[in-house]
2 protein chains.
Amino acid sequence: MAKRVSHKDSMCGVARPLDAIGDWWSLLIIRDAFDGLRRFGEFQKSLGLAKNILSARLRNLVAHGIMDTVPASDGSPYQEYVLTQKGQGLFPLLVALRQWGEDFFFEPNEPHVTLVDRATKLPVRRLELRAHDGRMLMAEDTVIIVPPPVGERE
Amino acid sequence: MAKRVSHKDSMCGVARPLDAIGDWWSLLIIRDAFDGLRRFGEFQKSLGLAKNILSARLRNLVAHGIMDTVPASDGSPYQEYVLTQKGQGLFPLLVALRQWGEDFFFEPNEPHVTLVDRATKLPVRRLELRAHDGRMLMAEDTVIIVPPPVGERE
DNA sequence: AAACTTGGTTTCAAATTAAAACCACGTTAG
DNA sequence: CTAACGTGGTTTTAATTTGAAACCAAGTTT
């Protein structure tokens, strides 16, 4: 899980994150964490994956600073897994994934769970990419630029 | 790659998409496609992955309707791989991944590539989740709701 | 003290991934 | 015409990962 440093030595801004969460289960674990699950057993029951795999994934997430272990909140002698700030930073990604799923993986009238504003119970807005000045941007309206070589930055 | 139907029979709005793009390489291929790459060889050179794996991934992406093959645009007798509408729908997710990467995978002053508005060359805005009425929402301000059972929807 | 629960680790078979060799087709060079 | 070459793969084979199931340890309940 660690040695995917591609031929280009330093990994780019997309590849680096993927190294931390780029497998099937990790994002599902994180989603469950956002839904309030904290205990090993809860994750396992919710996801139905083998315990050794869950164990490895949680260890990996903790190693990457995405989750953290804390002593159990109730009296029990076990630990719980909670999202760090870094982990919570994945919320928009999860929303993007969900919205894409809604758009393309469900029949027009197929029912599916919805993410709603807790206060109003209304569905959240669609994520949209905007320019600095607020214009909406499509993929074609953007470019990737590489940073100027060191020494040339003011 | 197909048989991950978890214990719960029908997969949720997060798991379904992950079945299509939930591996390390697929998203990198898609990002390269957004960057304008189209040919087998271009992807392989850019990503440095084994040809059989690239072949399998492209086949999978095409099978999921995320990419499509078209006859080569120049005269060459080969085909090219282009993003479908569904594939282009992944742009926000890619932006989310990139922004998260920038936030947590680079040192404060470490240079990294940036996504900018093609027109102004200014960095794009941060993706933000907003309520129906435009309020910004944090993860804790949202809930997942399940659709009402069939027959109870007006 | 026997059984049970929780949270794992170990073992081992099966599936996936990766590297490398091979191959087919069309183009270019001699 | 034929040999070498570039592109876009497939096949073969070995290494790595995954997953199911068994096992285990510590603490709790009966």
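Every chain is numbered from 1, with letters handed out A, B, ... down the list of sequences.
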Just N and O in the side chain of A/Tyr81: are any of them under 4.0 Å from OP1 or OP2 of C/dG8? yes
What's the CH2-P distance between B/Trp25 and C/dA18, to the nearest Å? 7 Å
If you draw the axis of the six-membered ring of B/Tyr81, does the NZ or CZ of B/Arg39 fall within 45° of it and under 6.0 Å from the ring centre? no
Determine, for B/Lys86 against A/Asp103, whether the closest basic-nitrogen to carboxylate-oxygen distance falls under 4.0 angstrom. no
From CG of A/Leu47 over to P of D/dT18, roughly how many Å is that when rounded to an integer? 15 Å
Could you give the CG-to-C1' distance, from B/Leu54 to D/dT7, as a whole number of Å? 13 Å
Measure CD/B/Gln44 against C1'/C/dA18 and give the value in whole Å, please. 12 Å
Taking CZ from A/Phe40 and P from D/dA25, how many angstroms apart are they, rounded to a whole number? 17 Å
Between A/Lys51 (NZ) and C/dT11 (P), how many Å, whole number? 16 Å
Can you check the A/Leu58 CG to C/dG8 P distance for me, whole Å? 8 Å
In whole angstrom, what separates B/Leu49's CG from D/dT10's P? 13 Å
Centroid separation B/Phe91 to B/Phe34 less than 6.0 Å: yes
Phosphate oxygens OP1/OP2 of D/dT10: is one of them under 4.0 Å from a side-chain N or O of B/Arg59? yes
Do A/Trp24 and B/Asp19 make a side-chain contact, defined as non-hydrogen atoms from C-beta onward lying under 4.5 Å apart? yes
Ignoring the backbone of A/Asn52, work out which of D/dG27, C/dT9, C/dT17 is nearest its side chain. C/dT9
Sub-3.5 Å donor-acceptor pair from the side chain of A/Gln88 to the main-chain atoms of A/Gln85, do we have one? no
Closest-nucleotide 5' rank along DNA chain D - winner of A/Gly75 and B/Ser76: B/Ser76
Between D/dA20, C/dG7, C/dT17, which nucleotide gets closest to the side-chain atoms of A/Tyr78? C/dG7
Considering just the side-chain nitrogens and oxygens of A/Ser55, establish if one lies under 4.0 Å of OP1 or OP2 belonging to C/dT9. yes
Heavy atoms under 4.0 Å, any strand shown: does B/Phe43 hit a base, just sugar-phosphate, or nothing? nothing
Looking at D/dG9, I'd like to know if its phosphate oxygens (OP1 or OP2) sit under 4.0 Å from a side-chain N or O belonging to B/Gln79. yes
Would you please confirm or rule out a distance under 4.0 Å between OP1 or OP2 of D/dG8 and any side-chain N or O of B/Arg39? yes
